[in-house]
Amino acid sequence: MKVVIVGGVAGGATAAARIRRLDEQAEIVVFERSGYVSYANCGLPYYIGGAIADAQALTVQTPESFRARFRVDMRVRHEVTAIHVERKCVSVKNLETGETFEEGYDKLLLSPGARPIKPPLPGMDTEGIFTLRTVEDTLRIRRHIDRAQPRSAVIVGGGFIGLEMAENLRERGMNVTVVENQRQLMAPFDADMAAFIHAQVRAHGVRLALGSRVAGFKAQEQGIDVLVQDAQPIRADMVILSIGVAPDTALAREAGLALGIKGSIVVNDRMETSVPDIYAVGDAVQIRHFVTGDDALVALAGPANKQGRIAADNICGGNSRYNGAQGSSVIKLFDMTAAATGLNERAAKAAGLSVDKVVLSPMSHAGYYPGGQVMTMKVVFERETCRLLGAQIVGYDGVDKRIDVLATAIRAGMKATELQELDLAYAPPYASAKDPVNMAGYMIDNLVRGLARQWHVEDADGLPRDGSVTLLDVRTPEEYALGHIDGFVNIPVDALRERLEEIGRGKPVYLICQSGLRSYIAARILSGHGFDCYNFSGGLRFYDAVKHDRLLTRCATACGMD
């Protein structure tokens with residue numbers, strides 16, 4: 001059996017190695033148009049910033065090491081220019097020599113990846129404008145910075161690559177502005193959780209131009225003017241375009257393969273395309289979203305590697321199936337971590353689901369053990385069934401651990417209430433006996449049982465201030481004096497039972513505290529005395545972050561941890 005693979009990164013390289021492990025006699029040929037194979041796309045910004053000092057560390061395998069270990073004919077700087085379905089061969093161009101030839105196959109695997117989106121704006125060819133996708137792009141940017149010593153940069157796009165580049169260029173001492181068309185950074189996060197991200201990057205000197213559309217670029221004697229619609233141009237020494245990526249599927253289109261969302265390649269759960277003996281994996285393919293079941297594009301390394309392994313199994317006569325992706329992701333933002341999995345609230349509502357949510361601010365480990373840090377978690381679930389839909393976490397230590405637990409729970413089909421039952425490892429330096437994931441489950445269980453009712457940050461401005469409801473802040477007088485929401489009166493939770501006469505009966509009571517714990521306790525006290533109570537989801541810390549882009553306070557003592 002002869003297998004030809006188009007693309008030697010992520011899915012393509014994984015498939016090649018897996019095919020060899022399953023079939024020692026197979027002839028495997030990989031064509032990669034860049035000069036590198038099996039490299040870490042996600043590590044590229046960190047080489048530019050200097051955190052990764054050696055460029056060779058970006059490549060997991062070289063063409064030579066791949067050949068030596070797996071006996072794969074790995075041909076870099078070779079571009080496949082056409083697929084001849086009827087003759088089962090591909091046309092190839094050697095980009096070093098210009099030579100063209102045809103290569104036959106029994107099985108063909110397409111792993112072409114995605115290409116950076118470059119909109120047809122005026123001035124796109126201006127010197128000093130870069131995209132970042134390949135090792136060659138990385139080396140080009142690094143050489144430019146080392147040679148030209150730019151002092152400022154504009155990054156167009158506030159997604160993963162955009163923010164990673166913002167951090168790394170700041171680490172090199174540059175003034176950085178991120179221009180984002182949407183009103184928030186990081187689309188996998190809801191706007192309320194993105195507020196923490198905004199505060200973090202601003203605190204580290206990155207300027208944000210949110211809700212700003214780039215109209216073009218203009219070269220100047222000193223730098224580049226980034227033209228912004230309905231705003232003044234932004235002058236910079238260099239520009240990084242990180243608007244997003246699009247499936248690189250020209251080959252598939254010309255060969256007549258069925259295409260889907262944004263021109264992506266349609267595959268089944270065996271990673272087979274519409275043409276027999278042709279498979280496709282990675283950023284170029286349309287897959288099923290695990291949570292919604294809808295067609296989706298998920299351009300992440302984890303899914304690409306899994307798909308490569310599954311395609312390889314099936315090429316070798318197996319029957320492996322890909323059950324979809326849920327978009328689990330994590331990003332380092334200077335000293336903060338932000339992570340997400342599954343659907344955010346906005347996406348869940350757009351999918352027509354009836355959703356509810358809880359927001360909590362637990363410690364990364366036991367509060368009595370030194371060094372604990374606050375994280376903010378938002379867990380989204382289906383109202384009627386309690387099906388766990390997604391989660392977002394922003395914080396410092398322990399964020400990646402908790403998002404992976406929640407991602408696993410979604411994959412296992414757990415109900416949100418079942419989070420309270422998870423038996424998770426505990427020792428004071430690492431966690432609390434009631435882990436943050438357990439706490440989310442307890443809170444959701446309380447909602448389901450009717451032991452708690454919530455109000456949310458989006459309800460705050462609409463709460464009446466005419467006396468028809470009671471607005472109650474149950475923190476200490478000292479905390480209240482440092483700042484509170486207009487219209488809320490202060491009765492500390494520990495004095496509540498003695499001051500019930502100050503709360504008007506027959507009116508709904510809307511409660512708030514610093515994190516949501518004391519106000520929940522207050523709600524239970526008042527409910528026991530016949531009051532109709534609603535607890536604020538997330539606490540004043542969350543309210544303040546969302547309304548004012550406040551930075552997430554790291555430690556419990558500094559933020560009045562409940």
Side-chain angles (χ1 to χ4, degrees), residues 1-31 38 66 69-73 83 85-86 88-90 103-113 247 249 251-252 255-261 264-328 342 407-414:
M1 177 178 66
K2 181 176 181 180
V3 182
V4 169
I5 299 174
V6 180
V9 186
T14 294
R18 176 68 170 172
I19 291 168
R20 173 58 70 227
R21 290 195 294 269
L22 296 177
D23 187 342
E24 184 64 20
Q25 279 69 50
E27 181 182 358
I28 308 168
V29 182
V30 178
F31 294 113
S38 192
F66 215 99
R69 176 160 297 179
F70 298 109
R71 297 300 188 267
V72 169
D73 186 0
I83 303 169
V85 172
E86 68 288 347
K88 297 190 75 170
C89 67
V90 295
E103 189 83 24
Y105 63 83
D106 297 310
K107 305 286 186 180
L108 176 66
L109 174 63
L110 303 178
S111 182
T249 55
L251 272 177
L257 276 64
L259 302 180
I261 302 170
S264 57
I265 303 170
V266 173
V267 293
N268 60 18
D269 60 0
R270 289 170 46 86
M271 308 313 298
E272 296 169 322
T273 71
S274 60
V275 174
D277 296 324
I278 299 181
Y279 298 74
V281 300
D283 296 354
V285 304
Q286 173 182 288
I287 53 92
R288 183 177 71 88
H289 194 285
F290 182 80
V291 179
T292 65
D294 295 334
D295 293 333
L297 298 178
V298 179
L300 293 170
N305 279 278
K306 294 178 183 69
Q307 293 160 19
R309 179 183 175 92
I310 288 167
D313 285 354
N314 295 324
I315 285 171
C316 293
N319 189 28
S320 294
R321 306 279 174 165
Y322 185 67
N323 294 319
Q326 62 202 59
S328 299
T408 303
I410 291 172
R411 180 64 53 158
M414 292 179 61

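Hydrogens, waters and symmetry mates play no part in the numbers below; they use all other heavy atoms, side chains included.
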Could you pull out all residues at least two apart from S328 that satisfy side-chain hydrogen bond (donor to acceptor under 3.5 Å, both in side chains)?
T341

What are the two closest non-hydrogen atoms of S320 and I310, and how far apart are they?
O-CG2, 3.6 Å

The complete set of salt bridge (Lys or Arg N to Asp or Glu O under 4.0 Å) pairs with one or both residues in residues 277-286, sequence neighbours excluded, reads K88-D277, K107-D277, R133-D283

Here the pair of heavy atoms bringing I19 nearest to A312 is CG1-CB, 3.5 Å

Taking side-chain hydrogen bond (donor to acceptor under 3.5 Å, both in side chains) as the test, write out the residues that go with T273, two or more places apart.
none

Spatial distance of atom CG (N268) from atom OG (S274) [nearest 0.5 Å]
10.0 Å

Selection residues 287-308 - residue pairs positive for salt bridge (Lys or Arg N to Asp or Glu O under 4.0 Å), sequence neighbours left out
none

Residue pair L297 / P247, side-chain heavy-atom distance below 4.5 Å:
yes

Give me the one residue out of V285, I315, N314 that meets side-chain contact (heavy atoms from CB on, under 4.5 Å) with M271.
V285

Where is the tightest heavy-atom contact between K2 and V29, given as atom of each residue plus distance?
CE-CG2, 4.2 Å

Residue set satisfying salt bridge (charged side-chain N to carboxylate O under 4.0 Å, His left out) with R71, at least two apart, ordered chain then number -> none

Taking all non-hydrogen atoms of both residues into account, name the closest pair between I28 and A16 and its distance.
CD1-O, 3.7 Å

Where I410 and G342 come nearest, the two heavy atoms and their spacing:
CD1-CA, 4.3 Å

Donor-acceptor pair, side chain of Q307 and main chain of G282, under 3.5 angstrom
yes

Quick one: list whatever passes salt bridge (charged side-chain N to carboxylate O under 4.0 Å, His left out) with R270, sequence neighbours left out.
E272

Apply ring-ring contact (aromatic ring centres under 6.0 Å, His included) to F70 and list each qualifying residue two or more places apart in sequence or on a separate chain.
F66

Can you measure from CD1 (I83) to CG (L110) and round to the nearest 0.5 angstrom?
4.5 Å

Pair listing, side-chain hydrogen bond (donor to acceptor under 3.5 Å, both in side chains) test, anchored in residues 17-30, at least two apart
R18-D313

With sequence neighbours left out, the residues meeting side-chain hydrogen bond (donor to acceptor under 3.5 Å, both in side chains) with R309 are none

Sequence neighbours excluded, which residues qualify as side chain to side chain contact (heavy atoms under 4.5 Å, CB included) partners of T408?
none

Got a list of side-chain donor-acceptor pairs under 3.5 Å for residues 6-15, not counting sequence neighbours?
from : atom 1 : to   : atom 2 : distance (Å)
T14  : OG1    : A10  : O      : 3.0
T14  : OG1    : N305 : OD1    : 2.5

Minimal non-hydrogen separation, V85 against A255, with atom names
CG2-O, 3.7 Å

So, do V4 and F31 sit near enough that their side-chain heavy atoms are less than 4.5 Å apart?
yes

Find out whether I278 and Y105 are in side-chain contact, i.e. whether some heavy atom of one side chain is under 4.5 Å from a heavy atom of the other.
yes

Determine which pairs satisfy salt bridge (Lys or Arg N to Asp or Glu O under 4.0 Å) with at least one residue from residues 319-328, sequence neighbours left out, and list them in order.
D269-R321

Check for a donor-acceptor pair, side chain of Q286 on one end and backbone N or O of I261 on the other, with a separation under 3.5 Å.
yes

